[in-house]
Amino acid sequence: MNLETIKSEIEANVPGCRLEIVPNNSPSGQHSLLIDSETALTVARFLRDAAHLRFDYCSNVTGIDWPGKEISEKVKIKKILDGVEQEVEEIQKTQSAGHLEAVYHLYSMEKKHGPVILRMRTEDRADRIHLPSLTPIWRSAEFQEREIFDLYGIVFDGHPDLRRILMWDGFEDHPMRRDYVEPDDYEYEPTPHDAVLQKAKQHLSETGGR
Amino acid sequence: MSSLTSYLLLSSLLFSIGLAGALTRRSAILVLIGIELMLNAANLNFIAFWRYGPDPAALTGTMFAIFSISVAAAEAAVGLGIILAVYRHSKTTDLDQMNSMKG
Amino acid sequence: MTNSPYLPVVVLLLAAIAFTVSPLVLAWLWAKKFSPHKPGPSKNAIYECGLESAGDAWVQFKPGYYLYAIVFLVFDVEAVFLLPFAVAFTGLTAAESIAMLVFLLLLVEGLVWAYQKKVLVWT
Amino acid sequence: MTIPFLILAAPTIAGIAAAMYLRNLVHCILALTLGFAGLAALYLQLDAQFVGFTQILVYVGAVAILAVFAIMMTRSAGPMAQPVFSSSWIKGGCVAGAVFAVLAWAIYRSATSLKMLPPQPEVAVRQIGDALMHRFVLPLEIMGLLLTAALIGAVLIAMQEKPEMQ
Amino acid sequence: MDEKLKVELGKQGIFTTTLQELYNWGRRNSLWPLNFGLACCAIEMIATTMARYDLARFGAEVFRPSPRQADLMIVAGTITKKMAPQVVRLYNQMAEPKYVISMGACAISGGPFKQGYNVLKGIDRYIPVDVHIPGCPPRPEALIDAFITLQKQIDEQQLTGVGRPRHLDPDAPSEFIVPQFGPHDLEPPQNPDVWRPPLVNISLAGKNESGND
Amino acid sequence: MSATTAATAHFTPKPSTDGGEGQLLEVSMGPQHPSTHGVFRMDVALDGERVVKLKPVFGYLHRNHEKIAETETYLGSMPYTDRLDYLCSITNNWAYALAVEKLAGIQVPERAEYLRVITGELTRLQNHTSVIGFLLQDMGASGTPLMYAFREREKVLDLFESLTGSRMMCNYMRFGGCRADMPAGWLQQAQKVVEAFPRFLDEFERLLSGNEILMARTQGVGVLSKELAVDAGITGPMLRGSGVNYDIRKVDKYGIYERFSFKVPLGEHGDVYDRYMVRLLEMRESVKILQQAMRDVPPGPIMDAKTKLRGFRPKAGEAYGRIESPKGELGFYLISDGSPNPYRYRVRPPSLVNLTVLEDMCLGQNVADIVVILGSIDFILGEVDR
Amino acid sequence: MTPETIDRIFIIWKHWLLSYAPAGVQPLFSALLSVVPVLAVFPLLFAITTVLERKGLGRIQNRYGPNRVGPYGFFQPIADGVKSLTKEDVVPRTADQAVHFLAPLLLVAAAFLAYAVLPVGRNMVVANLNAGVLFFFAVGSLVELAVFMAGWSSRNKYSLLGAMRAIAQMISYEVPLVLASVVVIMAAGSLSTVTIVNMQASYTGIWPHWFVFTPWGFVGFVLFMIAATAEANRSPFDLPEGESEIVAGYYIEYSGFKFALFFLGEYLGMFATSGMAITLFLGGWAAPFSFLTWVPSYFWFFAKLLVLIAGFIWVRGTLPRLRMDQLMNFAWKFMLPMTLLNIFVAGTWHFMAAGSVRWLVCAVLIFAPSVLLALGLEKGKKKIAARTYRFAE
Amino acid sequence: MLGEGIVKGLAETARNFLGSYVSKDRLTTVQYPEERLPQIEAARNFPFLVYDGEDWQQGMRCVSCLICEKECPPKCISIEKSKDKKLDASGKPQFYPTVFNIDVSVCMSCQICVEVCPFDAIKMDVDFELSTKDRFGDLLWNKERLSKSNEYYREIHPTEAAAVDAQLAEERAKLEAKSKLAAEAKAAAAATVPAQPAVGATAEK
């Protein structure tokens with residue numbers, strides 16, 4: 001089952017969808033399909049229901065945090081230099097907003113093939129972190145999407161029961177995000193080194209040795 | 001005071017307590033229990049009269065008491081059943097409230 | 001009344017109560033002398049699998065339980081009649097026994113009715 | 001009045017009075033069982049062994065349980081917020097008091113005419129059984145009918161009208 | 001029981017001494033654990049009660065599910081912050097005398113998971129622990145060893161006097177703060193009455209020198 | 001088609017909660033409860049003894065496995081996988097090793113593959129016996145089946161200990177092979193255990209399978225339909241108990257499973273009894289696989305010589321590797337950014353996904369059935385909450 | 001000493017002791033002398049049984065069981081007792097304190113009362129009541145109340161569920177329990193336990209005349225024992241304390257010695273019903289063979305009791321627990337009809353001439369419907385049966 | 001027939017009950033403090049440091065390379081490297097740990113430190129009777145507590161230890177050969193290497 005053909009089939013059947021193949025350079029060769037959130041449900045339903053695809057089993061659903069980073073790019077800009085328009089290479093630094101990603105691994109129990117990997121991306125990490133829930137298509141995503149909501153903070157629209165699943169209800173952070181800062185519950189460390197040492201030092205400096 | 005008299009007095013006391021309960025309690029269940037108590041008072045009378053009566057060997061009092069107990073048990077079953085049925089409609093076992101609901 | 005056949009029963013009852021109360025008294029004395037009671041808000045709260053108990057346990061139960069109690073009561077009463085009959089049975093004729101059979105069958109009829117109405121279904 | 005009588009009568013009356021006047025219905029039932037047990041003991045004292053045990057079996061073992069079930073099923077287990085007695089409790093109390101007065105007066109008046117304790121009768125359960133199967137055979141059958149009717153009736157009333165499901 | 005203890009007991013009078021011996025003997029031989037497992041160690045705890053190791057030999061197979069009837073809480077596994085209030089509450093609800101065996105690395109210190117944001121770094125932050133048994137998970141024999149250690153501890157306890165155990169002291173607490181769920185962490189993050197982090201001067205040396213030599 | 005209609009379509013309709021009669025008794029079963037297998041919790045509402053609401057509550061054993069793994073090296077995460085599903089550490093190792101091997105394109109030597117199959121199937125044996133023991137324990141059989149199950153489990157654990165050094169946390173596999181080769185005499189010992197195993201299964205079946213009480217307690221209880229099972233992503237014996245033929249050992253043919261002849265038992269009714277029986281039958285199949293593997297195990301190295309465990313840095317990319325663990329599909333999803341630590345490390349836990357249908361199976365059942373259904377799901381909290 | 005003297009030794013002692021009492025208090029003293037052994041022996045038996053049960057279960061489960069406390073672990077119950085006695089008594093704040101306190105007392109007292117009519121040996125009974133069997137059942141019904149009190153007063157959800165289950169279960173099995181014993185009363189013509197045992201204490205050749213050796217007696221015995229198991233809350237009918245669902249059932253909130261009292265009460269109840277089964281069906285204190293009559297009668301009673309207890313332990317070690325609805329179904333749809341039928345069979349037996357025809361007719365009368373009923377129970381709504389499985393590939 | 005399965009089950013438990021009196025298979029209990037299971041050779045619990053010879057400080061194999069500290073997944077090892085060098089058992093100057101702590105209350109017995117140690121200096125111990133009341137005092141093991149002799153290692157893991165010894169001997173032989181070569185190459189200065197203590201002798205045991 002070639003991802004290219006699947007992509008073109010989806011494009012033929014789901015009008016208006018924007019798909020993109022995200023290549024995977026590792027030896028596993030598991031490339032994935034980036035879908036847009038507007039047509040995600042339709043695409044997913046097509047993948048599940050199309051008679052020769054029948055991806056009826058959604059195995060793994062997970063979130064990934066891609067924090068914003070400084071991207072340095074060499075850009076060629078036209079500049080008027082010495083009165084002459086020239087192309088000059090300049091290093092331009094931009095702060096990307098970063099995004100959160102939800103990944104779905106699909107298999108077919110009926111046809112016994114797979115996986116097809118779907119990805120959805122939020123637009124940034126703070127405000128527009130909504131994604132459509134695929135739980136209406138695959139029930140197996142129910143708890144896993146809740147977990148992503150809990151740990152990453154992606155809000156899945158259309159999820160039947162979106163609550164925190166692993167942390168308690170009053171918890172406010174999303175601990176699996178890469179910029180999560182743990183609460184300072186200093187533990188006497190008989191063997192402090194590396195990161196633990198840093199933490200202990202920080203605690204001691206903040207609390208004045210307590 | 002003879003023994004019989006004391007039993008009769010006890011039974012009349014029981015009867016009155018039962019009656020008072022049946023008349024004054026708000027809870028329908030306890031009203032029913034009050035009635036049961038009155039029946040029990042009667043049973044005590046049966047037994048006492050049988051025991052002190054002229055012919056204890058005839059067993060009439062005992063038999064009466066047994067039948068009476070059985071009837072009372074049946075009555076309790078039906079009575080409590082009725083209370084349950086009423087409760088299902090009016091959601092209360094409070095007689096005052098039942099009355100006020102009736103209008 | 002000292003020769004009453006119930007005297008041993010009464011003595012047994014009293015002794016049994018004494019038997020049960022005495023260790024409790026002993027335990028109370030022990031607690032008084034050595035190991036003090038230490039009640040506390042969380043210790044003396046209702047146990048519910050480690051969580052704080054929410055809501056009252058004294059709620060209204062299903063009437064379904066009551067139906068069993070009715071059937072039980074009726075058969076309990078039946079036993080009351082059955083026992084004297086059983087005692088007298090050796091002296092009875094077959095015809096007289098039929099009377100009890102009829103009595104039993106009447107109750108069995110009630111039971112069968114209850115089966116058919118599916119009253120005796122525990123949910 | 002003998003001492004044993006008083007020993008038995010006191011808890012009986014206490015139990016039954018408590019049953020009528022306690023606030024918590026479950027406590028009422030428990031007090032009631034004490035009263036019933038006391039009554040049973042009184043029966044025993046009156047040489048009615050079978051009736052006494054029957055009293056325990058039926059009243060303590062069955063009726064009290066039935067009442068407890070009824071309480072559990074009508075959510076009146078906890079202590080109630082409303083007053084215990086109905087609005088017409090004064091009337092009821094007066095009536096009960098009057099009844100007791102009349103009865104006591106009547107008993108007291110007629111007391112003298114009664115004999116003292118006759119010799120102890122020989123009541124084996126066997127005699128009860130014989131009586132039941134001979135003299136009282138008709139009441140027995142009627143009893144059977146009554147019990148069956150009570151069973152069916154009580155079940156019908158207590159059973160919720162099941163909507164014909166499925 | 002060693003000689004010193006015997007002498008000391010002698011001072012308390014023979015009655016108290018025998019009573020104390022009886023008391024300790026009874027408690028020691030009838031330790032009913034709370035039916036309570038948290039994680040991996042719970043499986044080894046179960047294995048300990050099974051045929052091969054048979055904790056029942058010590059009279060301890062009566063795993064009571066209700067804390068009221070249990071004497072011993074075997075904290076077998078990782079205590080997460082989400083679970084900690086429940087553990088403390090269960091401990092509180094146990095009737096005195098009560099003992100705690102902290103089984104395995106996670107229960108002692110958070111173990112391999114101590115870096116986690118949801119893992120409590122040792123149950124002794126909230127409740128007093130009688131025996132620690134390291135291991136990940138400790139073998140069933142190790143748990144039995146911990147059990148015997150606890151029995152020895154109980155044996156040495158005095159009925160009266162200053163050295164008496166906590167549950168016999170009218171002033172010692174019998175229940176401890178149940179932590180609440182906060183927005184970022186448990187509140188309080190530890191119970192200062194039970195446990196304070198020992199202070200180390202790490203800011204200077206960089207590493208702790210509890211060394212050797 | 002709107003999302004909401006689809007959503008309601010495949011969620012089972014919930015029974016109304018007002019009940020009409022009787023008040024609901026809101027009980028919290030767990031986190032400390034004799035039969036929630038650890039610190040699982042269910043918020044249950046009971047109408048009499050019938051369950052009208054059941055909400056599973058997770059997270060009481062959320063140990064941040066994934067977060068920790070993102071700070072560990074690839075090798076350092078291996079012992080942590082032991083503690084996921086702590087009944088079957090070896091299959092966890094296997095799944096993780098498989099994922100890393102996919103990520104980095106590592107070949108596994110022949111002998112190591114055989115060792116993996118042998119230890120993996122032994123793990124399946126001990127998991128299934130324990131699970132059935134626990135199920136019976138939940139059913140109230142005063143410990144006897146559990147004791148017998150653990151009696152056998154101990155034999156397998158002895159094998160594990162003499163092979164890997166630890167009873168439970170084996171930490172046995174490495175990407176590129178296995179950590180330790182069989183010590184002398186191990187294979188014979190293992191063969192003895194495996195040969196004796198069917199006798200134990202027979203004993204177990206005599207004790208239980210025909211037992212009327214067990215049948216009455218389990219047949220028709222907790223029925224899981226084929227459609228729902230597939231939809232909810234159920235895997236493992238639970239799925240096959242519902243009659244869906246999906247065994248990753250057959251589908252993916254990972255490792256060397258295609259060399260062995262074994263069958264996949266399938267249930268028909270999808271109830272607790274089917275799940276129980278499927279596990280029993282699966283054990284018999286595992287014994288067959290073991291016998292074949294032990295017969296054929298070749299000599300040779302057990303580690304891929306090219307793989308460097310320390311300082312292992314796979315190329316940037318991602319991989320998802322999955323195996324048929326005793327509980328179902330256990331998958332690891334790894335993203336590498338070229339550093340020594342995985343950028344994203346994700347466990348696809350069969351236990352968590354299998355619990356999706358708990359509510360559907362339990363609603364309307366008796367409260368006593370909940371624990372039986374729960375026991376038949378076979379979940380381990382370490383894996384559910386990670 | 002002749003065997004007769006050994007058999008009567010307790011009675012001789014009692015009379016000897018009685019002779020020292022002043023005449024006025026002799027009845028009271030006599031009653032005390034017969035009560036004290038009951039209060040001494042049966043709690044002791046309870047202690048022994050707990051050890052035996054734990055050790056027996058251990059053996060069933062391939063292990064030793066308690067074996068360290070005292071010789072062979074036999075001091076285990078003493079340690080448990082000392083522990084319970086010194087354990088703190090926790091009563092929940094919201095519980096109904098008075099009822100919470102009274103429940104275990106009532107339970108144990110009621111359990112003890114039942115021993116009043118059990119003849120543990122020849123002429124060894126506390127009170128030979130005319131309506132002894134009825135007394136036994138009447139007192140037994142008090143237990144239900146005690147259990148309810150315990151469960152309700154704790155105000156715990158699990159305990160309340162347990163209490164409701166316990167009452168439902170006990171009332172459902174009380175009817176079969178009483179009706180199963182009716183057959184014996186029909187044959188013996190008396191409600192007095194002493195008379196019933198005396199009737200069985202004769203022999204044909206070496207074989208005793210126990211009621212269990214008749215079709216109705218055997219069926220009655222089996223039914224009685226099943227009902228007794230349920231009354232005593234023993235596995236597989238231990239739903240009121242069904243650990244796996246409702247944690248510890250109705251005594252969940254009890255600690256310290258009150259909890260121990262519940263255990264005591266339960267075991268005493270088990271002994272009492274077993275003792276009643278022995279009295280009714282197994283010849284009470286009568287020796288199993290005529291040539292063994294020289295063995296003291298009380299020995300036989302306790303020997304039979306221990307055999308029955310061993311049976312309880314064995315069953316507990318084997319069977320899983322039933323579900324509540326199955327339990328109730330079993331009571332009302334199998335036990336009750338069977339006991340009623342058994343009464344009918346016993347009547348038929350009485351009116352038929354002795355001989356093999358009578359055996360055949362009665363056996364058929366009782367066994368055929370039992371099979372039918374069992375089948376009906378098995379089928380029920382859904383078919384319960386062994387299954388075959390298909391395999392893929 | 002109803003009850004058939006139950007009877008079968010009862011028979012099974014009865015067989016086990018009776019069997020427990022005759023067969024070890026049906027009475028599997030090992031009465032732990034007195035009886036013990038045979039020590040399994042590969043068993044592991046917590047790490048220890050191997051030293052050669054008699055003196056643990058002198059013979060410590062650890063050269064404080066810090067690899068195990070870095071690789072330890074739960075980060076329970078803490079090492080401080082010495083500033084100076086000390087002669088090791090083979091008389092070679094090496095760095096040594098001034099502090100070597102293992103917090104066994106954190107250790108997960110994963111054996112990775114053993115695997116990554118290039119000097120065979122850290123091995124897994126089998127001792128498990130470590131229960132204690134003192135969390136910090138008894139469960140934080142320092143260098144002294146951790147040091148165990150090579151003899152002990154041979155005792156608990158004979159096969160493994162033999163392999164290690166052989167490998168070490170081979171390495172040493174190579175080294176010796178090399179140094180000999182170097183020494184010879186250095187020509188006639190003729191300072192013979194002092195005889196190696198202990199190790200070689202004990203290896204023959």
Side-chain angles (χ1 to χ4, degrees), chain F residues 68-69 71-73 75-80 82-83 141-142 144-145 147-148 150-152 154-155 157-172 174 179-180 182-186 196 199-200 202-216 309-311 340, chain H residues 1-17 19-20 24-30 37-47 65 67-68 70-76 107-118 123-126 128 156-160 163:
Chain F
I68 290 172
T71 66
E72 291 283 351
T73 59
L75 174 64
S77 290
M78 187 58 91
Y80 280 98
D82 288 338
R83 288 148 180 86
S142 317
T144 308
M147 293 274 179
Y148 293 172
F150 266 65
R151 186 185 72 205
E152 296 312 300
E154 288 292 341
K155 293 178 189 163
L157 290 192
D158 282 347
L159 291 178
F160 284 169
E161 191 173 5
S162 47
L163 179 64
T164 73
S166 181
R167 288 156 50 82
M168 277 172 68
M169 305 307 175
C170 301
N171 183 19
Y172 180 58
R174 295 284 179 264
R179 202 192 68 218
M182 295 187 277
W186 190 85
R199 281 207 299 282
F200 157 69
D202 293 340
E203 181 187 346
F204 220 59
E205 291 219 26
R206 275 199 303 276
L207 178 65
L208 298 171
S209 294
N211 190 313
E212 282 81 0
I213 297 179
L214 180 121
M215 287 202 269
L309 293 177
R310 200 156 69 78
Chain H
M1 177 72 196
L2 188 74
E4 193 187 337
I6 292 174
V7 171
K8 261 191 201 164
L10 284 170
E12 203 53 53
T13 42
R15 187 175 310 145
N16 271 287
F17 178 79
S20 75
K24 189 71 197 155
D25 235 22
R26 299 236 183 264
L27 185 64
T28 53
T29 310
V30 179
L37 289 167
Q39 182 64 51
I40 287 179
E41 211 189 309
R44 59 177 143 99
N45 203 23
F46 291 124
C65 67
I67 290 177
C68 53
K70 281 208 191 71
E71 289 290 328
C72 174
K75 309 266 179 285
C76 70
C107 175
M108 67 202 277
S109 318
C110 64
Q111 207 175 357
I112 282 183
C113 49
V114 177
E115 276 172 67
V116 297
C117 181
K123 293 292 168 198
M124 295 307 273
D125 201 351
V126 290
F128 53 83
I156 56 173
H157 301 305
T159 325
E160 200 184 298

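Residue numbers begin at 1 in each chain, while the letters A, B, ... track the order of the sequences.
Qualifying salt bridge (Lys or Arg N to Asp or Glu O under 4.0 Å) partners for Glu205(F), counting only residues two or more places apart in sequence or in other chains: Arg284(F). Listed by chain and residue number, Met78(F), Pro79(F), Asp82(F), Arg174(F), Arg179(F), Arg44(H), Cys110(H), Ile112(H) satisfy the side chain to side chain contact (heavy atoms under 4.5 Å, CB included) test with Asn171(F) (two or more places apart in sequence, or in another chain).
Using a 4.5 Å cut-off between heavy atoms, Ile67(H) contacts chain F through its side chain alone, with no backbone atom that close. Within the 4.5 angstrom heavy-atom criterion, no atom of Leu214(F) approaches chain H. In this structure, chain H has a heavy atom under 4.5 Å from the side chain of Thr73(F), while its backbone stays farther away. Contact of Thr159(H) with chain F is not made at all, since no heavy-atom distance falls under 4.5 Å. Using a 4.5 Å cut-off between heavy atoms, Arg151(F) contacts chain H through its side chain alone, with no backbone atom that close. For a residue to count as touching a neighbouring chain, one of its non-hydrogen atoms must lie under 4.5 Å from one of that chain's; by this rule Glu72(F) touches chain H with the side chain only. In this structure, the portions of Ser162(F) lying under 4.5 Å from any heavy atom of chain H include both its backbone and its side chain.
When side chains are defined from C-beta on, Glu12(H) does not count as touching Asn211(F), because their heavy atoms never get closer than 4.5 Å. You'll find the side chain of Tyr148(F) reaches within 4.5 Å of the side chain of Thr13(H), heavy atoms only.
When each of Thr144(F), Leu309(F), Thr164(F) is scored by its heavy-atom pairs under 4.5 Å with chain H, the top score falls to Thr164(F). The candidate from Lys8(H), Met108(H), Glu41(H) with the greatest count of non-hydrogen atom pairs under 4.5 Å with chain F is Met108(H). Interface remark: of the candidates Asn16(H), Val116(H), Asn45(H), Asn16(H) forms the most heavy-atom pairs closer than 4.5 Å to chain F. The choice from Gly165(F), Ser77(F), Gly76(F) that makes the most heavy-atom pairs within less than 4.5 Å of chain H is Gly165(F). Ranked by heavy-atom pairs under 4.5 Å with chain F, the list Ala11(H), Ala43(H), Gly9(H) is led by Ala43(H). When each of Ala184(F), Pro183(F), Gly311(F), Ser166(F) is checked for heavy-atom pairs under 4.5 Å with chain H, Ser166(F) comes out on top.
Of all heavy-atom pairs spanning Ile6(H) and Glu212(F), the tightest one is N-OE1, 3.2 Å.
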